[in-house]
Amino acid sequence: MPTVPVPLPDRAYDIHIGHGFLADAARFVRPVVRGNQLMLVFDENLAEPHARVLEQSLSADGFVVKTLQLPAGETTKSVQHLAAIWDAFAQNRFGRDCALVALGGGVIGDLAGFAAASFMRGVDFVQVPTSLLAMVDSSVGGKTGINHPLAKNLIGAFWQPKLVLADLDVLHTLPKGERISALAEIIKYGVIYDPQFFAWLEKNIAHLRELKDDAVSHAVQRSCEIKAEVVLQDERETGLRKILNFGHTLGHAIENSAGYGVVRHGEAISIGMVAESRLQVMRGVPGWTNHEHARLVELLEAARLPVRIPGEIKLGLDTLIAAARSDKKNRSGKIRYALPTALGKMEDVSASEEEAAQVLLEVGARQ
Ligand SMILES: NC(=O)c1ccc[n+]([C@@H]2O[C@H](COP(=O)([O-])OP(=O)(O)OC[C@H]3O[C@@H](n4cnc5c(N)ncnc54)[C@H](O)[C@@H]3O)[C@@H](O)[C@H]2O)c1
Ligand SMILES: [Zn+2]
């Protein structure tokens with residue numbers, strides 16, 4: 001059973017990856033929390049059987065467990081639901097040594113993590129990620145928060161968990177589209193950090209798609225290791241952490257322009273990586289040529305991810321450029337990217353809007 005240590009100074013914790021954790025959670029939770037009161041927060045899709053199994057196993061160990069079920073979906077990352085968690089803490093007279101256990105995807109993890117960061121200026125936090133995206137991305141790194149009506153993730157805090165329990169068994173109830181979408185972030189880790197992992201993905205992508213245990217376990221482990229290594233070197237995103245944004249400059253533009261829920265995050269990032277990879281090929285970098293670009297496209301296609309904007313979604317070039325321009329990463333009229341100079345090596349790049357337009361047209365933006 002792989003464990004990924006995250007040795008942050010003062011806040012070191014472990015990510016456990018394995019099976020059957022929900023029914024056996026107290027063994028991991030007990031040693032890392034201070035008190036005996038737990039607030040278990042989950043969304044409606046996790047209620048049965050996962051939340052019930054987890055609640056029962058923690059209660060059986062003697063924890064006082066209160067549960068809070070929230071609606072599923074991105075709109076749950078709101079002030080209203082944040083307040084619902086604070087209310088539940090206060091009404092149950094939870095004290096400073098209580099802990100919050102977040103069972104869910106990135107939405108519940110981000111929201112509940114921020115509630116844990118803010119209630120009584122910070123209480124213990126345990127993440128039990130249930131989506132593949134949460135296991136490989138959102139549960140690692142300590143970013144928590146909610147959305148503002150004007151922008152996603154505008155309000156939040158860095159708050160590290162005491163423990164992450166990635167129980168691969170829960171992935172069997174995750175809708176297939178969600179699973180496939182997360183493969184984009186896994187492939188991204190290969191590109192930005194680890195050529196060997198990229199090559200492993202090329203060989204094992206079908207196993208991942210089909211949720212074969214050994215393959216999923218390795219992919220989750222390596223993804224967590226890579227994100228943890230990057231975050232350890234740059235917790236507050238002043239430098240290295242920016243490499244995690246590969247595919248996200250143009251990917252976010254596609255995701256946001258398409259409108260809420262039309263293109264999944266990972267699908268948009270897949271198309272974004274294709275467009276940004278092409279940009280780098282155009283720039284003439286020796287270690288990132290048509291050859292590397294073709295390998296990336298082939299791997300994304302083998303994962304069943306989109307590599308072009310789907311024909312039925314008509315996204316105008318002007319809208320996309322405006323969205324990319326308004327991205328916070330931009331300075332001086334140019335658009336900023338994290339781009340590969342070779343498999344596993346990244347650089348910061350500013351490029352003109354004309355260059356962005358060219359590659360966006362290639363991936364199916366409308367004139
Ligand atoms: N904090 C970070 O560093 C970070 C990084 C990446 C993404 N995020 C955030 O993560 C969120 C996206 O996360 P997500 O993709 O997990 O979305 P999500 O939490 O909305 O989960 C996706 C859907 O799958 C359902 N689901 C999750 N696990 C399930 C399971 N095991 N069985 C059945 N259904 C299940 C959920 O109820 C939901 O309907 C976004 O809000 C994004 O901003 C945060
Ligand atoms: Zn992402």
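Reckoned from all heavy atoms, side chains included, excluding hydrogens, waters and symmetry mates. Both counts, for ligands and for their atoms, begin at 1 and track the order of listing.
With sequence neighbours excluded, the residues forming a side chain to side chain donor-acceptor pair (under 3.5 Å) with Arg295 are Glu202, listed by chain and number.
The immediate protein surroundings of ligand 1, defined as residues with any heavy atom under 4.0 Å of it, consist of Asp43, Asn45, Leu46, Ala72, Glu74, Lys77, Gly105, Gly106, Val107, Asp110, Thr130, Ser131, Leu133, Asp137, Ser138, Lys143, Lys152, Asn153, Val170, Thr173, Leu174, Pro175, Glu178, Lys227.
In this structure, Arg27 is not positioned above the aromatic face of Phe21 in the sense of NZ or CZ being under 6.0 Å from the six-membered ring centre and within 45° of the axis.
One side chain, Trp86 or Ser118, offers a donor N or O that lies under 3.5 Å from an acceptor on the other. Looking only at atom types and distance, the side chain of Gln280 has no donor-acceptor partner in the side chain of Glu292 under 3.5 Å away. Looking only at atom types and distance, the side chain of Glu225 has no donor-acceptor partner in the side chain of Tyr189 under 3.5 Å away.
Here 3 is the count of protein N, O or S atoms positioned under 2.8 Å from the Zn ion (ligand 2), waters not counted.
Using a 30° and 60° split on the angle between ring planes, Trp200 and Phe197 fall in the parallel class, below 30°.
Not less than 6.0 angstrom separates the ring centroid of His50 from the ring centroid of Phe42. A distance of 6.0 Å or more separates the ring centres of His218 and His207.
Note on residues 90-106: no pairs pass salt bridge (charged side-chain N to carboxylate O under 4.0 Å, His left out), not counting sequence neighbours.
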